[in-house]
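One structure coming up, written as structure tokens, with questions to follow.
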Amino acid sequence: MSAPLRTHNFTVDEYHRMAEAGVFHEDDRVELIDGQVVQMTPIGPRHAFCVDRFTGRLSRLVGDSAIVRVQNPVMLGPRAEVEPDLTLLRPPFERYREVHPGPADVMLAIEVADTSLEYDRSVKIPLYATAGIPEVWLVDLPADRIQVYRNPAKGSYDKVTSVSPGEALTPLLLTGARLSVTDVLG
């Protein structure tokens, strides 16, 4: 009889030390989810197009009232560091010079999903809710819509709505800012 398979749940500090030791390379697409190193799916052309459109539109829309970050780390806890496709962060820039942003810094997280929709919905959205991220947008590229998650409570979001081309999005923490769904989905 063989011994049961043992796994190790890594901390964010261990994850960073592994990267510093060269276990991961700068271009590796990995995240730390509940202590497990998870390889992310490759970025396809439609996904990249949507992230680029969002980046341009959001940057113009928010001006200096938020920082738009693209595919950079956010620490969600001692065993979770994710890389949302986009985040709107509280300014100023200087506060992120020595440390990655945490949940209190994130105004909005955006995940763009082409092939990763079910994973994003069942794993990452609850992770964001547990961390207290106030709002998450999940871009469902195959269905040509965006699901808006708000009001995190007990590992899920109390309010979930969908918007489609022809409708507009308004980030919860940026009053008066409106973004056309058609503009970002192309």
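Positions are given from 1, in the same order as the sequence printed here. None of the values given here were measured: they were computed from a predicted structure.
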Open item on the list: Could you check whether any side-chain N or O of S65 sits under 3.5 Å from a backbone N or O of V62, counting only pairs where one atom can act as donor and the other as acceptor?
Closed with: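 Yes, because the side chain of S65 sits within donor-acceptor range (under 3.5 Å) of the backbone of V62.
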TODO: Give, for atom CG of L108 and atom CZ of R150, the distance between the pair rounded to the nearest 0.5 Å.
DONE: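 Between atom CG of L108 and atom CZ of R150 there are 9.0 Å.
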TODO: Would you mind checking if E20 and R17 are paired as a salt bridge, meaning a charged N to carboxylate O distance below 4.0 Å?
DONE: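 A salt bridge is absent here (no side-chain N lies under 4.0 Å from a carboxylate O).
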Open item on the list: Counting C-beta onward and ignoring hydrogens, is there a side-chain heavy-atom pair between V68 and L61 closer than 4.5 Å?
Closed with: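 A side-chain contact is absent here, since even the closest heavy-atom pair is not under 4.5 Å.
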Open item on the list: Has E81 got a side-chain atom pairing as donor or acceptor with V74's backbone, closer than 3.5 angstrom?
Closed with: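 No.
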TODO: Identify whether the distance between the nearest side-chain nitrogen and carboxylate oxygen of R46 and D114 falls below 4.0 Å.
DONE: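 Result for this pair is no, no salt bridge flagged.
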- [ ] Could you tell me whether R29 and E83 make a salt bridge, using a distance below 4.0 angstrom between a side-chain N and a carboxylate O?
- [x]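 Here R29 does not pair with E83 in a salt bridge, since their nearest N and O are not under 4.0 Å apart.
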Open item on the list: Determine whether the aromatic ring centres of residues Y149 and Y128 are separated by less than 6.0 angstrom.
Closed with: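 Between Y149 and Y128, which both carry aromatic rings, the centre distance is not below 6.0 Å.
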Open item on the list: Could you measure the distance from the OG atom of S164 to the CZ atom of R145? Nearest 0.5 Å is fine.
Closed with: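 Answer rounded to 0.5 Å: 7.5 Å.
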Task: Carboxylate-amine/guanidinium contact D105 R95, below 4.0 Å - done: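 Answer for the salt bridge query: yes.
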Open item on the list: Counting C-beta onward and ignoring hydrogens, is there a side-chain heavy-atom pair between T115 and L141 closer than 4.5 Å?
Closed with: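 A side-chain contact is absent here, since even the closest heavy-atom pair is not under 4.5 Å.
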Open item on the list: Under a 3.5 Å threshold, yes or no: a donor from one side chain and an acceptor from the other, between N9 and Q36?
Closed with: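 Side-chain D/A pair, N9 to Q36: present.
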